[in-house]
Amino acid sequence: MSNSIFRTDIQKLFPELPIEGAIFDLDGVLTDTSELHYLAWKKLADEEMIDFSRKDNEALRGIPRRESLLLILKNKEVSEIQIQEMMARKNKNYVESISTLTSKDLLPGAQKLLESFKNGGIKIALGSASKNARSVINNLGIAHFFDAVADGESVVHQKPAPDLFLYAAKRIGVQPSKCVVFEDAAAGIDAAQAAGMWAIGIGPQTRFSTAHIICKNLRGLTLKKISFLLTRVSGT
Ligand code: BG6
Ligand code: MG
């Protein structure tokens, strides 16, 4: 099926297609690297004899490296030099763990959804707070899907600020109101909504209070399905 035929087909079905761009968070949406972030933080916390559980880790979803460390340290007094050393130590653990990622580590439905957007002529951007995002998409073999990459180096104010997603939308040349964001973190959903974008929460319902749509995972999602759901949400 050629790109243009698919696009025409979609436009016939949804003359008011609500989206022209899709922005994907990475960790916890396209691949389970949120677990690898957790394991790397857990190792550091154990070395520092700080209590840190999977439940505590939930608050770190989508949160940048430095802010994550400060949350783990709670009120523990540390110098800037110690902060830098601990961030480097965690990152070393994390970088080691992502070195073996392959396309097999894509979460179910991720490849199909990216293909469906690409074939439908939708612009695709990555919107991840991680400074390791490029290595991860390269290792997963999905870098070619992205028309732009917004990552931990792209903006000063990360999620829940809207800046990263607005930067991504600008890079793909799509108005924010025509972008849909896929996010596993409440902070990311807040960022998408602050940016004036459609926000789809990926994960358990209890994690999101304000997403336009919530899906347990990406399994079975296509451009057609997303367009249908968004058209219903927007009432057009
Ligand atoms: C986000 C993750 O995508 O990236 C966070 O959800 C992580 O857990 C953040 O802290 C920053 O990642 P990195 O790779 O720059 O330390
Ligand atoms: Mg995430």
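Numbering starts at 1 and runs along the sequence shown. Below, each value reflects all heavy atoms present in this structure, side chains not excepted, and no hydrogens, waters or symmetry copies. Counting convention: from 1, in listed order, for ligands and their atoms alike.
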Is the number of heavy atoms from other residues, nucleotides or ligands under 6.0 Å of Lys216 NZ greater than 12? no
Of all the non-hydrogen atoms in the protein, which one sits nearest to atom 15 (O) of ligand 1, and at what distance? Lys131 N, 2.7 Å
State the atoms of ligand 1, each with its element, that fall below the 4.0 Å cut-off from a heavy-atom position in Asn132. 13 (P), 14 (O)
To which of Ala185, Ala133, Ser130, Gly152 does the heavy atom nearest atom 4 (O) of ligand 1 belong? Ser130
Transitively linked via ILVMFWY side-chain contacts under 4.5 Å: Ile50 with Tyr38? yes
Could you go through Asn139 and Thr102, starting from their C-alpha distance and side-chain angles, then the distance that decides it, and tell me whether this counts as side chain to side chain contact (heavy atoms under 4.5 Å, CB included)? CA-CA 5 Å; Asn139 293 354; Thr102 68; over 6 Å; no
Contact atoms of ligand 1, heavy-atom distance to Ser128 under 4.0 Å: 3 (O)
How wide is the angle at the Mg ion (ligand 2) between O in Asp27 and OD2 in Asp25, to the nearest 10°? 100°
Going by distance only, is there an N or O of Asn91 that falls short of 3.5 Å from an N or O of ligand 1? no
Check whether any heavy atom of Leu26 sits under 4.0 Å from an atom of ligand 1. no
Leu60 neighbourhood, listing ligand 1 atoms whose heavy-atom distance to it stays under 4.0 Å: 5 (C), 8 (O)
For atom 7 (C) of ligand 1, tell me which residue out of Asp27, Ile63, Thr33, Asp25 has the closest non-hydrogen atom. Ile63
Heavy-atom proximity to atom 6 (O) of ligand 1, best of Ala40, Gly62, Gly28, Ser68: Gly62
What distance separates Ile189 CD1 from Asp184 CG, expressed to the nearest 0.5 Å? 9.0 Å
With nothing but distance in play, are any N or O atoms of Arg65 less than 3.5 Å from an N or O of ligand 1? yes
Would the Phe24 and Phe145 ring centres measure less than 6.0 Å apart? no
With Ile213 as reference, evaluate Leu221, Val233, Val180 under the side-chain contact (heavy atoms from CB on, under 4.5 Å) test and give the passing residue. Val233
Looking only at N, O or S atoms in Asp184, which is nearest to the Mg ion (ligand 2)? OD1
Could you tell me if Gln111 and Ser103 have a donor-acceptor pair between their side chains, going purely by distance under 3.5 Å? no
Pairing of Asp147 and Arg171 as salt bridge, 4.0 angstrom limit: no
